[in-house]
Amino acid sequence: MSTGNAVGGEPPLYRPPVSLTWWLRNPSYLLFVLRELSCVFIAWFVVYLLMLVYAVSSGRAAYQEFLDLSANPLVVILNVIALAFVVLHAVTWFGLAPKAMVLRLGALRVPPTVILAAHYGAWLVVSAIVAWVILR
Amino acid sequence: MPETITMEVWRYRPEHESEPTWDAYDVPLRKEWAVLDGLNHIKDQLDGTLSYRWSCRMGICGSCGMTVNGEPKLSCSTFLTDYAPGPVRVEPMRNFPVIRDLVVEMGDFMAKLPAVKPWLVSDDEPDEDTEYLQTPVEMDDYKRYSMCINCMLCYSACPVYALDPDFIGPAAIALAQRYNLDSRDAGAEDRRDVLASAEGVWACTFVGECSVVCPKDVDPAGAIQRYKLTAASKAVKDLLLPRGAR
Ligand code: SF4
Ligand code: FES
């Protein structure tokens, strides 16, 4: 059975185009796009860290140059933005953890909030240790 | 409460038009009327050419998924009064090709589903008289995932599926986990290649909308994240442990 313009075969399917602004339709889509974008800034932090290591290993002058570069307002702005993206990445990652980890104690399931709290606790401890190493 | 509400319905009749259009209909606004009742009123009283799928009218069969005012919904469980004074915009589910009006083509899901072996796999030929006992705690592990009604709202909400149509998708993975986590099943290893692939759980970047729109509280996003951990720990074990100890 065929009608109209679909001669001998199935009528054509309509494939709705994906709109360019689909990611503005829903806050969680926006978050998804921002999180995907965060990988660029995480890569920047890796490069920045390598630059620091290189500068430290190449002597006083190189280190001073690195410090001067870091004090450049553009670099400061970049680093602040990058930090915001890394925090977004970390927070959403932690939000996912209780979904991925289903722990049981006997017949009881460990509540998701406990798993989440444990992650933030571990984060705090690691940050404290790093702060202690740097600031002491 | 006004007496009527306007329903703007997305129309595509391939024999008449190559681009979709909108038709507006005024339907009675009744407290107990769902969007589906409005569509049935249109079809019975106003315009018999309108096409859409439905069957149970009670959120069980999973055939009436649509986009209502931009959100993926079961049209039989979404009430017109919640959209008063209107208009209510009804579109086909997103992320699927449209056959006609509100009817989408879901062959893609049907093709992917068997790849995750959504049935109980057993090691040995089961003896007819064998009973497979299970405790309530064991059942609890997978019960949530067994509630899926294949309505496809999760696919329609998933931007990853929109961008990468090869993604196996939320419901198929939730259904795989429904069997993986069943104490009577021995098929987890068979499902692993598909689930742990780039088109499997690793395509998911945890947008989480699938679980938000799921009318059965299946939590496909949770099922996927849980399998990511399983897949990752399996891969590490494969790398580190000798074959016998895995
Ligand atoms: S997981 Fe939920 S939204 Fe997805 S098909 Fe199953 S019931 Fe529908
Ligand atoms: S008609 Fe069956 S779920 Fe809506």
Side-chain angles (χ1 to χ4, degrees), chain A residues 1-39 42 85 88-113 115-116 119, chain B residues 10-20 67 70-72 91-101 103-105 107 135-138 140-141 157-160 162-163 165 181 201 204-213 219-233:
Chain A
M1 190 197 78
S2 82
T3 49
N5 55 14
V7 184
E10 299 279 311
L13 295 175
Y14 180 76
R15 290 172 199 275
V18 179
S19 79
L20 274 179
T21 53
W22 63 267
W23 47 279
L24 291 174
R25 217 166 47 210
N26 185 322
S28 55
Y29 293 174
L30 181 64
L31 206 61
F32 155 67
V33 170
L34 290 179
R35 191 171 45 228
E36 297 285 286
L37 202 64
S38 68
C39 68
I42 288 168
F85 271 97
L88 170 80
H89 195 104
V91 168
T92 50
W93 174 266
F94 281 4
L96 181 155
K99 293 251 172 211
M101 301 175 74
V102 176
L103 298 180
R104 280 190 191 285
L105 289 177
L108 284 181
R109 186 173 163 179
V110 179
T113 40
I115 297 181
L116 192 63
H119 274 79
Chain B
W10 193 96
R11 304 296 309 268
Y12 170 62
R13 287 147 295 192
E15 68 280 13
H16 293 314
E17 58 228 353
S18 54
E19 284 298 313
T67 306
E71 285 175 19
E91 296 164 77
M93 274 193 292
R94 293 205 170 101
N95 301 344
F96 292 95
V98 181
I99 299 176
R100 176 184 199 87
D101 295 342
V103 180
V104 298
E105 150 69 52
T135 66
V137 173
E138 285 170 332
D140 217 37
D141 256 340
C158 175
V160 175
L163 299 172
L181 298 171
V201 292
C204 164
T205 58
F206 197 55
V207 180
E209 273 304 290
C210 52
S211 293
V212 172
V213 302
D219 192 15
I224 297 173
Q225 308 325 309
R226 198 170 165 186
Y227 194 81
K228 281 182 185 168
L229 195 64
T230 309
S233 49

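So that the names make sense, note that chain A is the first sequence line, chain B the second, and so on, each numbered from 1.
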Handout entry: Criterion side chain to side chain contact (heavy atoms under 4.5 Å, CB included) on A:L37 and A:F85, from CA distance to verdict
Key = CA-CA 8 Å; A:L37 202 64; A:F85 271 97; 4.1 Å; yes
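Contact of B:F96 with chain A is made through the backbone alone, with heavy-atom distances under 4.5 Å. B:D219 touches chain A through its side chain: at least one heavy atom from C-beta onward sits under 4.5 Å away, while N, CA, C and O do not. Only the side chain of A:W22 comes within contact range of chain B, with at least one heavy atom under 4.5 Å from a heavy atom of that chain. Using a 4.5 Å cut-off between heavy atoms, A:L96 contacts chain B through both its backbone and its side chain. With a 4.5 angstrom heavy-atom cutoff, B:L163 touches chain A only via side-chain atoms.
Ranking B:P92, B:A157, B:G70 against chain A, the residue ahead of the rest is B:A157, based on heavy-atom pairs under 4.5 Å. Of the listed residues B:E105, B:Q225, B:R100, the one with more heavy-atom pairs under 4.5 angstrom with chain A than any other is B:Q225.
Classified by interplanar angle (parallel below 30°, tilted 30° to 60°, perpendicular above 60°), the ring pair A:W93/A:H89 is parallel.
Formation of a donor-acceptor pair under 3.5 Å by the B:E17 side chain with backbone atoms of B:R13 is found in this model. Under a 3.5 Å cut-off, the side chain of A:S28 and the backbone N or O of B:E209 do not form any donor-acceptor pair. Side chain of B:D101 to backbone of B:Y12: a donor-acceptor contact under 3.5 angstrom is found.
In this structure, A:L116 and A:F94 approach most closely via the heavy-atom pair CD1-O, 3.1 Å.
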